[in-house]
Participant: 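Please read through the structure below; I'll follow up with questions.
All heavy atoms count here, side chains included; hydrogens, waters and symmetry mates do not. Owing to the predicted nature of the structure, the values given are computational and were not obtained by experimental measurement.
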Amino acid sequence: MADWRFVEPDGELVSGLMRAAGVDRICAVVLANRGVLPETLEDFLSPSLKNISPPDGGPWRVAARRVATAVRSGERIGIFGDYDADGVTSAAVLSLALSRYTENLVVKLPNRQTGYGLLEPYVRDMFAEGVRLLITADCGISNHREIELAAGNLGMDVIVTDHHLPPAELPEAAVAVLDPKIWDEDDPLAGVGVAWKLALALVRELGDPEGRRVLGRLLDLVAIGTVVDIAPLVGENRTLAWTGLKYLNGGNVRPGLEALIRAAGVRRPLDEEDLGWRIGPRLNAIGRIRNPYPALDLLLTGERQRAAEISQLLNRLNAERQQRTRLAVERCLREADPEQDFKVVFTDEIGGIAGLIAGKVAQATGRPAAVLHRRSDGSYGGSARAGETDVDLYRALSLSREFLKEWGGHRKAAGISVSPGKLEAFIERVNAAVREQLAENPRLFTPALEIEAELSAERLTNGLLDWHERLAPFGSGNYRPVFVSGGFCVAGSRQLWEGMNLLKLDGGVSAKLAGEEIPESPFDAAYTVSRNPYTGGVELEIVDWRR
């Protein structure tokens, strides 16, 4: 059971926010804990596209001018994306934006069999189709050799749009490299946000007075890619996601998304959880186990019948992905070594679900986990996840890199390839690296649950939701506030689905609770709040409880 730790912001800041926002202390505490200042309060509560920094620096201008030249001269432009939701929406944004000015476009996506990134086969395919300007979407920052091939050998110009951490040396053969993390490694933009800003730079370059309105209609795709990629919902990302959700909840939703929303059974109004847990997985599913092009086709089509057909396909594939994941997780948990503090387990799955399996193994065991499959050359490839622990995966893998052929990622997730004959040495070293972190932080595997404030049961009213909902969209970088209350009593309960219960608490408040155990009354609970889509009232989601 995690410790509960109250997060106490500066008292003067809280008072300043209370005066500026006209809200009570609890709301001001939540705002302060998110780094909101009185002078930035309006931007946070009422995001505006006016606050998006214009893409008019050197690389943006160079890229926009090169695209404008291709448009005016009729050159064939190739867009190359990724097979996940961020990459597919990035490619769709660029395709829809550029198709306003040219029909000489080709859009390509990778497949799991060949691999991620701008690999040589993809470059040669684009060249064979007559591409003279190649624009990457959500990839390319590390593809030095392939960009050199494209530019030096095949005569194509390359513009890179990406958001991953750049290597020490950038791909110099590219005409322009647009990756905000080059200038600020903490920049939150997802790949789709970078693609959208390139489109904005092009609109400015071409002097298109209607272009900004057209780009605004693409923010539904930007919101999906940003939320599903778990990009921090702060700064420009907050504005882009907030605005995109407004379009998704408006009356003119693009046919592909309307069909997918219907197929997924999502009730309006949509929120960020609908994007992350219902829409996103369906866009991701096909790229994990098959060719990703239908997901792209869904976002681009204007035909409602075609959209309905693709959305049903994605629905079926998502169910297949869920079943395969569940069975693989069960096998991995049976085989997990209880002595390991970094669980290394094996699977026959060689598609794109290794990361999902690793995340569920990490969640079930309370330890970071890697899920690997054996390749024909004796190496092992797969994905690692930190789960809900505070383990820094990047640091642990860095200390184990001599046993790895390839690896990359960040502190919570990574992809790895273990060299032939080095598996046992890797397991020993990475476990030692995790135990070093445990020695520094005894709560490494059970980090404290951060509590914003204690609420009385009387505060759980619609008035609470009125200001709480203004903090949305919630997600990475802006998590739902966690509150705590004491003295709850269960008046009734029923199972919603396996592992999830709906409690009726004294006072008429409903609460979701994961797990099999129903707490005996009275009990204290830490929880998040949301609006019940059926009743409109407050609904709690209990994240921890104690008697």
Side-chain angles (χ1 to χ4, degrees), residues 2-3 5 7 33 35 86 141-142 162-168 179-182 184-190 229-234 237 332 336-345 354-372 380-419 422-450 475-479 482 543:
D3 290 339
R5 181 173 68 85
V7 183
N33 285 339
D86 189 19
I141 192 68
S142 297
D162 204 341
H163 73 118
H164 297 97
L165 282 171
D179 185 335
K181 288 186 174 60
I182 295 172
D184 177 5
E185 67 176 27
D186 294 323
D187 189 289
L189 277 179
D229 209 53
I230 320 181
L233 296 181
V234 298
N237 276 0
C332 288
D337 185 345
E339 300 300 317
Q340 291 180 354
D341 286 316
F342 183 99
K343 305 294 184 186
V344 179
V345 291
L356 299 175
I357 300 168
K360 291 184 178 297
V361 171
Q363 182 180 25
T365 62
R367 298 291 187 273
V371 172
L372 306 177
Y380 288 82
S383 296
R385 296 292 186 269
E388 297 177 4
T389 74
D390 269 347
V391 170
D392 185 338
L393 274 184
Y394 190 91
R395 177 181 162 193
L397 293 172
S398 179
L399 293 173
S400 313
R401 61 185 178 272
E402 67 182 277
F403 306 115
L404 300 175
K405 290 176 61 178
E406 298 173 318
W407 70 284
H410 49 82
R411 64 175 293 126
K412 300 295 288 184
I416 60 176
S417 176
V418 183
S419 300
K422 302 296 184 182
L423 180 63
E424 295 302 323
F426 165 72
I427 293 174
E428 183 177 348
R429 176 67 60 81
V430 76
N431 270 272
V434 169
R435 290 180 186 119
E436 288 177 13
Q437 295 185 38
L438 181 62
E440 298 168 4
N441 175 15
R443 303 293 299 182
L444 186 72
F445 300 137
T446 54
L449 180 62
E450 295 189 342
S476 173
N478 182 33
Y479 291 103
V482 178
V543 295

Participant: Would you say that I141 contacts P167 through its side chain, given a criterion of any heavy-atom pair below 4.5 Å between the two side chains?
Facilitator: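 Yes, at least one pair of side-chain atoms sits under 4.5 Å.
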Participant: What pair of heavy atoms forms the shortest contact from F403 to R429, and how long is it?
Facilitator: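 Minimum heavy-atom contact is CE1-CB, 3.7 Å.
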Participant: Nearest 0.5 Å, what's the OG1-CG distance between T446 and L444?
Facilitator: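 These two atoms lie 8.5 Å from each other.
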Participant: Would F445 and D341 satisfy side chain to side chain contact (heavy atoms under 4.5 Å, CB included), going step by step from the backbone distance to the final call?
Facilitator: CA-CA 9 Å; F445 300 137; D341 286 316; 3.8 Å; yes
Participant: Shortest non-hydrogen contact from L393 to A386?
Facilitator: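 Heavy atoms only, the tightest pair is CD1-N, 3.5 Å.
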Participant: Step by step, would you call L449 with D3 a side chain to side chain contact (heavy atoms under 4.5 Å, CB included)?
Facilitator: CA-CA 6 Å; L449 180 62; D3 290 339; over 6 Å; no
Participant: Look at atom CD of E388 and say whether more than 12 heavy atoms of other residues, nucleotides or ligands are closer to it than 6.0 Å.
Facilitator: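 It does not: E388 CD has 12 such atoms or fewer within range.
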Participant: Would you say that Y380 contacts L404 through its side chain, given a criterion of any heavy-atom pair below 4.5 Å between the two side chains?
Facilitator: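 Side-chain contact under 4.5 Å: no.
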Participant: Are side-chain N/O atoms of S398 and R401 paired as donor and acceptor at under 3.5 Å?
Facilitator: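 There is such a pair (donor and acceptor under 3.5 Å, judged by atom type) between the side chains of S398 and R401.
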Participant: Is E185 atom CD crowded by more than 12 heavy atoms from other residues, nucleotides or ligands, each under 6.0 Å away?
Facilitator: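 Counting other residues, nucleotides and ligands, CD of E185 stays at 12 neighbours or fewer.
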Participant: Side chains of H163 and D86: closer than 4.5 Å at any heavy-atom pair?
Facilitator: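 They are in side-chain contact.
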Participant: Heavy atoms only: give me the nearest G359-R385 pair and the separation to one decimal.
Facilitator: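 The answer is N-CG, 3.6 Å.
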Participant: What are the two closest heavy atoms between L399 and A433, and how far apart are they?
Facilitator: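 Closest approach of L399 to A433: CD1-CB, 4.0 Å.
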Participant: Test Y479 against L233 for side chain to side chain contact (heavy atoms under 4.5 Å, CB included), laying out the working first.
Facilitator: CA-CA 9 Å; Y479 291 103; L233 296 181; over 6 Å; no
Participant: Has K181 got more than 12 heavy atoms of other residues, nucleotides or ligands less than 6.0 Å from its NZ?
Facilitator: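 Yes, NZ of K181 has more than 12 neighbouring heavy atoms, counting only those of other groups under 6.0 Å.
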Participant: How long is the span from the CZ atom in R443 to the OG1 atom in T389, to the nearest 0.5 Å?
Facilitator: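 These two atoms lie 13.0 Å from each other.
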Participant: Out of curiosity, Q437 CD to F342 CZ, how far, rounded to the nearest 0.5 Å?
Facilitator: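 Atom-to-atom, Q437:CD and F342:CZ are 10.5 Å apart.
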Participant: Give the minimum heavy-atom separation between C332 and V345, together with the two atoms involved.
Facilitator: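 Heavy atoms of C332 and V345 come nearest at O-CG1, 3.6 Å.
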Participant: Would you compute the distance between atom CZ of R367 and atom CG of N431 and round it to the nearest 0.5 angstrom?
Facilitator: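 Going from CZ on R367 over to CG on N431, the span is 10.5 Å.
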Participant: Around atom CG of L438, are there more than 12 heavy atoms from other residues, nucleotides or ligands closer than 6.0 Å?
Facilitator: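 It does: L438 CG has more than 12 such atoms within range.
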Participant: Would you say that more than 12 heavy atoms from the other residues, nucleotides or ligands in this model lie under 6.0 Å from the NZ of K412, or not?
Facilitator: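 For K412, atom NZ is crowded (more than 12 foreign heavy atoms under 6.0 Å).
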Participant: Would a 4.5 Å heavy-atom cut-off, applied to side chains only, mark L165 and H410 as touching?
Facilitator: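 The answer is no, as the side chains (C-beta and beyond) never meet within the 4.5 Å cut-off.
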Participant: Rounded to the nearest 0.5 Å, what separates atom CG in N237 from atom CG in D187?
Facilitator: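 Output value for this atom pair is 7.5 Å.
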Participant: CG of N441 to CG of D392: how many Å apart, nearest 0.5 Å?
Facilitator: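 Nearest 0.5 Å value for the CG-CG distance: 11.5 Å.
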Participant: A358 and S383: which non-hydrogen atoms are nearest, and at how many Å?
Facilitator: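 Smallest heavy-atom distance, with atoms named: CB-O, 3.7 Å.
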Participant: Name the orientation class of the two ring planes belonging to Y394 and W407 (parallel below 30°, tilted from 30 to 60°, perpendicular beyond 60°).
Facilitator: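 The rings of Y394 and W407 sit tilted, inter-plane angle from 30° to 60°.
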Participant: Please determine whether side chain to side chain contact (heavy atoms under 4.5 Å, CB included) holds for the pair L372 and L423, giving the CA-CA distance in whole Å, both sets of side-chain angles, and the decisive distance to 0.1 Å.
Facilitator: CA-CA 10 Å; L372 306 177; L423 180 63; 4.0 Å; yes
